Amino acid sequence: MATGQVLFHRFYCKKSFARFDVKIVAASSLWLASKLEESPRRARQVIIVFHRMECRRENLPIEHLDLYSKKFSDLKAELSRTERHILKEMGFVCHVEHPHKFISNYLATLETPPELRQEAWNLANDSLRTTLCVRFKSEVVACGVVYAAARRFQVPLPENPPWWKAFDADKSGIDEVCRVLARLYSLPKAQYIPVCKDGKPFTFSTRSADSQSQQPPKEVPLSPPANNNANVSNTTVAVADVETEGAKEAKIKMALDKLKESKQSDDESKSMPTTDSDAREEPRHKSKSEHRTESSGEKSKDRDRERERDRERDRERAKARDRDRGRDSDRERERDETERDRDKVKDRGHRSKDRTKDSAGGHSEKSRHHSSRGMILAFHEVFNH
């Protein structure tokens with residue numbers, strides 16, 4: 001509850017009550033506060049509760065809010081949209097520090113009676129109905145609440161040295177907090193005053209619609225154009241002064257008829273050619289317009305032709321590139337084939353050389369073998385003899 005009230009006050013420090021409805025902003029603030037305080041609630045729960053409270057406040061029969069109706073879907077969309085507005089205005093910095101957490105510590109330090117703690121807590125809750133939460137720090141509001149509760153129960157607090165200096169507060173801030181709270185309790189019970197242009201949400205109330213329909217409509221005098229004569233303005237003023245509805249309708253019809261007649265006369269006077277020169281100027285204008293249309297048509301044709309030529313050039317360039325690429329690939333293939341043939345020829349030459357060497361070595365070995373064998377036979381023959 002306290003976090004939602006602080007968000008509410010912070011939002012309206014920057015935005016107008018006439019642009020954003022108080023009731024939908026209150027619901028969105030409470031919905032956002034439930035998320036910030038880690039106790040989230042669904043949008044439908046917030047909408048249903050606010051709808052029932054609104055019906056009770058206006059003494060209306062509590063009607064069931066259909067969750068599949070257009071009214072509920074509109075309220076849900078408005079709730080999420082207003083929540084985005086709140087977050088945007090705060091720059092998504094929604095940290096809230098309440099004076100409640102300082103009250104118990106301050107009173108325990110000052111050693112005050114327990115009833116003073118409850119009174120200070122109640123004053124801290126009531127301070128959220130004012131703008132103290134956006135004007136002062138939480139420590140200052142807590143000191144002001146403690147001071148007001150002590151004055152009410154006539155509990156003395158140490159003033160030598162002053163007790164508020166130990167809690168980072170000053171006497172002027174404490175006095176202002178007490179003054180705002182005293183003024184709050186002197187005011188009568190708050191009443192809702194509709195100032196938003198969009199109307200009331202959360203209710204199917206027909207009372208407000210009936211009250212608005214019963215209010216007399218504002219009489220807005222018809223503003224005649226500058227070219228009309230003074231009689232038309234006199235008739236419009238007379239229309240505004242007449243009270244009965246029949247006379248109003250009759251006067252308004254007469255004024256409208258006169259306005260139409262004056263406009264028709266002005267149009268006829270403008271359309272009538274005054275001299276022969278005006279009549280001659282018409283075909284000239286027509287011829288100029290025809291020339292313009294013809295020139296524009298020729299320009300468009302020329303542009304189309306240029307575009308077609310550019311496209312043909314691009315196609316020819318692409319074909320030439322493809323051809324060059326094909327030629328390059330053919331040349332590379334021929335080079336690869338010639339290199340392969342050269343490698344094959346080289347391999348064949350090396351193989352033939354190796355074969356000739358091998359053949360020559362074999363013949364020499366054979367001749368050596370035969371010569372050695374002949375020598376051995378000759379030696380055998382000599383020894384035998």
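Reckoned from all heavy atoms, side chains included, excluding hydrogens, waters and symmetry mates. If you're wondering where the values come from, they're calculated on a predicted model, not measured in any experiment.
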Would you kindly confirm whether Ile47 and Leu67 end up in one hydrophobic cluster when ILVMFWY residues are joined by side chain heavy atoms under 4.5 Å apart? yes

Does any non-hydrogen side-chain atom of Ile86 lie less than 4.5 Å from one of Ser28? yes

Measure the shortest side-chain to side-chain distance between Lys71 and Asp66 over non-hydrogen atoms and say whether it is less than 4.5 angstrom. no

Check Ser73 against Lys70 and note the closest heavy-atom contact, atom names and distance. OG-O, 2.8 Å

Separation between CZ (Arg151) and CG (Leu157), nearest 0.5 Å, reads 10.0 Å

Quick check for you: to the nearest 0.5 Å, what is the distance between Glu111 atom CD and Leu116 atom CG? 13.0 Å

Under 4.0 Å between a side-chain nitrogen and a carboxylate oxygen: does that hold for Arg179 and Glu176? yes

Going from NZ on Lys165 to SG on Cys143, what distance comes out if it is rounded to the nearest 0.5 angstrom? 13.0 Å

Heavy-atom closest contact (Gly144 atom, Val177 atom, distance): CA-CG1, 3.9 Å

When you compare the side chains of His9 and Thr130, does any donor N or O come within less than 3.5 Å of an acceptor on the partner? no

With a 4.5 Å cut-off on side-chain heavy-atom distances among I, L, V, M, F, W and Y, is there a chain of contacts connecting Leu128 to Trp121? no

Exercise: identify the closest heavy-atom pair between Met90 and Cys94: SD-SG, 4.2 Å

Can you tell me how far apart CG (Leu184) and CG (Leu132) are? Round to the nearest 0.5 Å. 9.0 Å

Value rounded to 0.5 Å, distance of CG in Leu79 from CZ in Arg84: 10.5 Å

Give me the one residue out of Leu7, Val6, Ile24 that meets side chain to side chain contact (heavy atoms under 4.5 Å, CB included) with Ser29. Leu7

Can a salt bridge be assigned to the pair Arg57 and Glu54 using a cut-off of 4.0 Å between side-chain N and carboxylate O? yes

Please check if the side chain of Ser186 supplies one atom and the backbone of Arg183 the other of a donor-acceptor pair under 3.5 Å. yes

Ring pair (Phe, Tyr, Trp, His ring centres under 6.0 Å) between Tyr12 and Phe8: does it pass, once the steps are laid out? CA-CA 6 Å; Tyr12 278 113; Phe8 180 87; 5.0 Å; yes

Criterion side-chain contact (heavy atoms from CB on, under 4.5 Å) on Lys171 and Tyr147, from CA distance to verdict: CA-CA 10 Å; Lys171 191 64 168 64; Tyr147 183 76; 4.0 Å; yes

Look at the aromatic rings of Phe167 and Tyr106 and report parallel, tilted or perpendicular, splitting at 30° and 60°. parallel

Arg340 vs Glu337, test: salt bridge (Lys or Arg N to Asp or Glu O under 4.0 Å). Steps then yes/no. CA-CA 5 Å; Arg340 289 174 186 171; Glu337 289 177 357; 5.9 Å; no

Between Phe50 and Lys23, is the side-chain contact (heavy atoms from CB on, under 4.5 Å) condition met? List the steps. CA-CA 8 Å; Phe50 270 79; Lys23 296 179 180 179; 5.7 Å; no

Does Arg10 form a side-chain contact (heavy atoms from CB on, under 4.5 Å) with Glu89? I'd like the steps, not just the answer. CA-CA 9 Å; Arg10 287 181 183 177; Glu89 289 301 322; over 6 Å; no

Could you tell me whether Asp168 atom CG has more than 12 heavy atoms of other residues or ligands within 6.0 Å of it? no

In terms of hydrophobic clustering (I, L, V, M, F, W, Y; side-chain heavy atoms under 4.5 Å; direct or indirect links), are Tyr185 and Val146 co-clustered? yes

Let me check something: do Val22 and Val195 share a hydrophobic cluster, defined by ILVMFWY side-chain heavy atoms less than 4.5 Å apart, either directly or through other members? yes

Yes or no on side-chain hydrogen bond (donor to acceptor under 3.5 Å, both in side chains) for Glu37 and Thr3, after CA distance, side-chain angles and deciding distance? CA-CA 8 Å; Glu37 297 299 332; Thr3 304; 2.7 Å; yes

Keeping the roles fixed (side chain from Ser138, backbone from Glu97), state whether a donor-acceptor pair exists under 3.5 Å. yes

Taking all non-hydrogen atoms of both residues, which atom of Ala124 and which atom of His100 are closest, and how far apart? CB-NE2, 3.7 Å

State, yes or no, whether a side-chain contact exists between Phe72 and His51 at a heavy-atom distance under 4.5 Å. no

Carefully, step by step, assess Arg81 and Glu78 under the rule salt bridge (Lys or Arg N to Asp or Glu O under 4.0 Å). CA-CA 5 Å; Arg81 191 182 301 112; Glu78 189 67 24; 2.5 Å; yes

salt_bridge(Lys35, Glu83) N-O dist < 4.0 Å: yes

Going hydrophobic residue to hydrophobic residue with side-chain gaps under 4.5 angstrom, can you get from Leu110 over to Phe153? yes

Taking atom CG as the centre, does Leu187 end up with more than 12 heavy-atom neighbours from other residues, nucleotides or ligands that are less than 6.0 angstrom away? yes

Within 45° cone of Phe102 ring axis and under 6.0 Å: Lys137 NZ or CZ: no

Quick one: closest heavy-atom pair of Leu123 and Ala149, and the distance? CD1-N, 3.8 Å

Approximate separation, where rounding is to 0.5 Å, of Arg152 CZ and Cys178 SG: 13.0 Å

Verify side-chain contact (heavy atoms from CB on, under 4.5 Å) between Cys133 and Val141, making sure each step is shown before the conclusion. CA-CA 8 Å; Cys133 57; Val141 176; over 6 Å; no

Between Lys15 and Phe20, is there a donor-acceptor pair closer than 3.5 Å when you use the side chain of the first and the backbone of the second? no

Give me the atom names and distance for the closest heavy-atom approach of Ala120 to Val145. O-CG1, 2.8 Å

